[in-house]
Protein chains: 2
Amino acid sequence: MGNWDRDALDQEGRDKFINYLKEHGYSCSKSRLKLFDLVHSIHHHFDSEELVKIANENKLQISRATIFRNLVLLEEAGFIKKVQFTDRHTHYEHIYGHKVHDHMICVKCGVVVEFFKRSIQVALEEVASEHSFVAHSHKLEIMGHCKKCNPDS
Amino acid sequence: MGNWDRDALDQEGRDKFINYLKEHGYSCSKSRLKLFDLVHSIHHHFDSEELVKIANENKLQISRATIFRNLVLLEEAGFIKKVQFTDRHTHYEHIYGHKVHDHMICVKCGVVVEFFKRSIQVALEEVASEHSFVAHSHKLEIMGHCKKCNPDS
DNA sequence: GTCTGTGCAAATGCTTTGCATGATG
DNA sequence: CATCATGCAAAGCATTTGCACAGAC
C-alpha cells in the first residue's frame with residue numbers, strides 16, 4: 001500500500017472537501033489535504049494505524065494526533081464513516097463515490113462482504129417513521145459463517 | 001439500582017448458566033453466580049462501569065477484573081450481547097428471556113428505542129443466503145433524530 | 001500579524017494480564 | 001490437594017489533550 005495517487009473521482013471529492021473546509025471556517029492546511037488524499041488512495045476499509053503506517057512510510061509528515069483530529073473532520077464532512085468490526089479499534093470506510101451498503105462478516109475467517117438490499121433500506125425507512133424518527137444513517141452488520149467456513153457444508 | 005433480586009425467569013436462566021459452566025468445565029464460583037444475578041437484575045442496557053459501581057455499593061466482593069473476565073463468559077454462553085452506541089465503551093444487553101430486537105438511537109438526546117420488524121429479519125435471512133452465508137446474529141442501529149429532537153418539527 | 005493547525009509527549013479511560021492467594025470439586 | 005478463579009496492581013492500547021511552535025489567510 002505504499003503507492004497512492006489521486007484519480008478523477010477523488011479530484012471531484014477533493015474540491016468538495018475544500019469547499020466544506022472554507023464554508024465551515026476550517027483552513028485548507030497541507031496536512032488535511034494530504035490526509036484526504038491518503039484516505040482516498042485506500043480502496044478498502046482502513047483504520048488509524050494503517051494511515052499512520054502509510055504516512056510514515058511515505059514520509060508524508062502527518063503525525064498520529066493530526067490523523068485522529070482530521071479523521072473526525074472527514075467524518076463530520078461526510079466523506080468517511082466509522083464501521084465497527086470484530087476487534088476493539090475503529091475502522092473507517094469511504095462514503096464519497098460509494099453506494100450505500102452494509103456488511104456481512106464471517107466470524108471465522110474475518111472476510112467482509114459488502115451488500116445492498118433494497119428491501120432492507122425500505123424496511124428501515126418504514127420502521128423509523130413508525131417510531132417518529134428521522135433516520136440519517138444506520139449501521140448493519142450480519143455475523144455468521146461464509147460458504148468456505150460453514151461448519152455444515 | 002441498589003436493589004436487586006432474582007425473579008422466576010432469572011432462576012430458569014440461572015440453571016442454564018450453571019449447566020453451561022459444568023458442561024464447559026468452568027467452575028461454579030460464587031463470583032460468577034453473583035455476576036449472573038447482578039447482570040440480570042438490571043432491566044436495561046448496562047456497561048462494565050455500572051456493574052462495578054453496583055457491585056461496590058452492595059459489597060458484593062467482585063473485582064473489576066473478575067467482572068470483565070466473566071462478562072466474556074456470559075457473552076460466550078449467550079446470555080448477553082455487546083452493543084455499541086455512540087460513546088467509546090462497550091454496552092451490553094440481555095439475550096436470555098428477551099426477544100430479538102434492534103435499536104434506534106437519537107443522535108441528539110441519546111434516547112435508545114428498541115424495535116422489532118419482521119420484514120427486516122426476513123430480508124436479512126434472504127440476503128445472507130444470497131451470499132451463501134449462514135447468519136448467526138446481526139447488529140443493526142438506526143441513527144437519527146427522535147420526534148422531540150427533530151429539527152424540522 | 002492574528003488566528004488556526006500541528007507535533008510532541010504526556011494523560012486518559014477502558015480493558016487485559018501476571019502473579020500470588022484463595023476457592024472449588 | 002490439584003486445578004481453576006480471583007484480587008490487586010501494573011501494563012496495554014487506541015485515542016485525546018495541553019502547550020509551544022509553525023503555517024494559513
Side-chain angles (χ1 to χ4, degrees), chain A residues 14 17-39 45-77 80-93, chain B residues 14 17-39 45-56 58-77 80-92:
Chain A
R14 204 174 196 268
F17 182 52
I18 291 173
N19 279 337
Y20 179 89
L21 292 175
K22 287 185 181 161
E23 282 167 17
H24 292 257
Y26 296 117
S27 80
C28 297
S29 70
K30 285 179 184 163
S31 298
R32 288 218 246 258
L33 296 178
K34 278 193 281 190
L35 185 71
F36 181 92
D37 292 341
L38 172 51
V39 157
H45 304 110
F46 59 91
D47 58 20
S48 48
E49 212 37 51
E50 187 168 354
L51 298 177
V52 172
K53 197 166 138 264
I54 304 177
N56 289 339
E57 282 170 359
N58 294 57
K59 309 213 189 337
L60 297 184
Q61 311 256 78
I62 321 177
S63 74
R64 178 179 250 96
T66 298
I67 288 177
F68 275 99
R69 280 189 276 236
N70 286 317
L71 280 176
V72 173
L73 191 59
L74 279 168
E75 196 189 2
E76 176 187 318
I80 59 173
K81 144 178 173 188
K82 283 188 183 175
V83 288
Q84 213 84 29
F85 295 136
T86 36
D87 37 7
R88 194 148 51 85
H89 60 293
T90 302
H91 286 242
Y92 290 91
E93 67 178 16
Chain B
R14 203 173 195 270
F17 182 51
I18 292 173
N19 278 340
Y20 179 89
L21 293 175
K22 287 185 181 160
E23 282 168 16
H24 292 258
Y26 296 117
S27 78
C28 296
S29 70
K30 284 178 185 166
S31 298
R32 289 218 247 258
L33 296 177
K34 279 192 279 188
L35 185 71
F36 181 92
D37 292 341
L38 172 51
V39 156
H45 304 110
F46 59 91
D47 57 21
S48 47
E49 213 36 52
E50 188 168 354
L51 298 179
V52 172
K53 197 167 138 264
I54 304 177
N56 289 338
N58 294 56
K59 312 217 186 336
L60 297 184
Q61 310 257 76
I62 321 178
S63 73
R64 177 178 251 95
T66 299
I67 288 178
F68 275 98
R69 280 189 276 235
N70 286 319
L71 280 175
V72 172
L73 191 59
L74 278 169
E75 196 190 1
E76 176 188 317
I80 59 172
K81 142 178 173 187
K82 283 188 182 174
V83 288
Q84 214 84 30
F85 295 137
T86 36
D87 38 6
R88 195 144 51 79
H89 59 293
T90 303
H91 287 241
Y92 290 91

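Every chain is numbered from 1, with letters handed out A, B, ... down the list of sequences.
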Peer 1: Starting at atom NE2 of A/H89, determine the distance to atom P of C/dT15, rounded to an integer number of angstrom.
Peer 2: 16 Å

Peer 1: Are side-chain heavy atoms of A/L35 and A/T66 found at a separation under 4.5 Å?
Peer 2: no

Peer 1: The helix from C/dG1-D/dC25 to C/dG25-D/dC1: angle between its terminal axes, five pairs each, to 10°?
Peer 2: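 End-to-end axis angle for the helix from C/dG1-D/dC25 to C/dG25-D/dC1: 30°, rounded to 10°.
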
Peer 1: According to ring pair (Phe, Tyr, Trp, His ring centres under 6.0 Å), who are the partners of A/F46, at least two apart in sequence or on a separate chain?
Peer 2: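 So A/F46 forms a ring pair (Phe, Tyr, Trp, His ring centres under 6.0 Å) with A/Y92, A/H94.
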
Peer 1: Any donor and acceptor pair, going by atom type alone, linking the side chain of A/R32 with main-chain N or O of A/N70 inside 3.5 Å?
Peer 2: no

Peer 1: Collect all protein-nucleotide pairs involving nucleotides 23-25 of chain C in which both atoms are nitrogen or oxygen and the distance is under 3.5 Å.
Peer 2:
{"from": "C/dG25", "atom 1": "OP1", "to": "B/C28", "atom 2": "N", "distance (Å)": "3.4"}

Peer 1: Can you name the residues that form a side-chain contact (heavy atoms from CB on, under 4.5 Å) with A/E49, not counting sequence neighbours?
Peer 2: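 Applying side-chain contact (heavy atoms from CB on, under 4.5 Å) to A/E49 gives A/D47, A/V52, A/R64.
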
Peer 1: Take atom CG of B/D47 and atom C1' of C/dC14, then tell me their distance rounded to the nearest Å.
Peer 2: 10 Å

Peer 1: Rounded at 0.5 Å granularity, tell me how far CG in B/L71 sits from CD1 in B/I80.
Peer 2: 4.5 Å

Peer 1: Would you give the length of the straight line joining atom CD of A/E93 to atom NE2 of A/H45, rounded to the nearest 0.5 angstrom?
Peer 2: 4.0 Å

Peer 1: How long is the line joining CG of A/L74 and P of C/dG5, in whole Å?
Peer 2: 14 Å

Peer 1: Could you tell me whether a side-chain N or O of B/K34 sits under 3.5 Å from a main-chain N or O of B/L60, the two making a donor and an acceptor?
Peer 2: yes

Peer 1: How close do A/I67 and A/A55 get, heavy atom to heavy atom, and via which atoms?
Peer 2: CD1-CB, 4.3 Å

Peer 1: Please list, in 5' to 3' order, the outermost nucleotides of DNA chain D lying under 4.0 Å from any heavy atom of chain A.
Peer 2: D/dA14 to D/dC25

Peer 1: What is the separation between atom CG on A/L60 and atom C1' on C/dG7, rounded to the nearest whole Å?
Peer 2: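 Spelled out: CG on A/L60 to C1' on C/dG7 is 15 Å.
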
Peer 1: Counting only heavy atoms and a strict 4.0 angstrom limit, can you tell me which residues of residues 63-71 of chain B come near DNA chain D?
Peer 2: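 Nucleic-acid contacts, sorted: B/S63, B/A65, B/T66, B/R69, B/N70.
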
Peer 1: Look at the rings of B/H91 and B/H89 and say which category their plane angle falls in: under 30° parallel, 30 to 60° tilted, over 60° perpendicular.
Peer 2: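 Rings of B/H91 and B/H89: tilted, as their planes differ by 30° to 60°.
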
Peer 1: Please determine whether the number of non-hydrogen atoms from other residues, nucleotides or ligands lying under 6.0 Å from atom CD of B/E76 exceeds 12.
Peer 2: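 Atom CD in B/E76 is packed in, count exceeds 12.
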
Peer 1: Using only side-chain N and O atoms of A/S31, determine if any of them is under 4.0 Å from OP1 or OP2 of C/dT6.
Peer 2: yes

Peer 1: Which heavy-atom pair separates B/K82 from B/E75 by the least distance, and what is that distance?
Peer 2: CG-OE2, 3.5 Å

Peer 1: Quick check: closest heavy atoms across B/I62 and B/S31, and the distance to 0.1 Å?
Peer 2: CD1-O, 4.1 Å

Peer 1: Minimum heavy-atom separation for A/I18 and A/C28, please, with both atom names.
Peer 2: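 Smallest interatomic distance, heavy atoms only, reads CG2-SG, 3.9 Å.
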
Peer 1: Is A/E49 touching bases, backbone alone, or none of the nucleic acid, heavy atoms closer than 4.0 Å?
Peer 2: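 Nothing, no heavy atom under 4.0 Å.
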
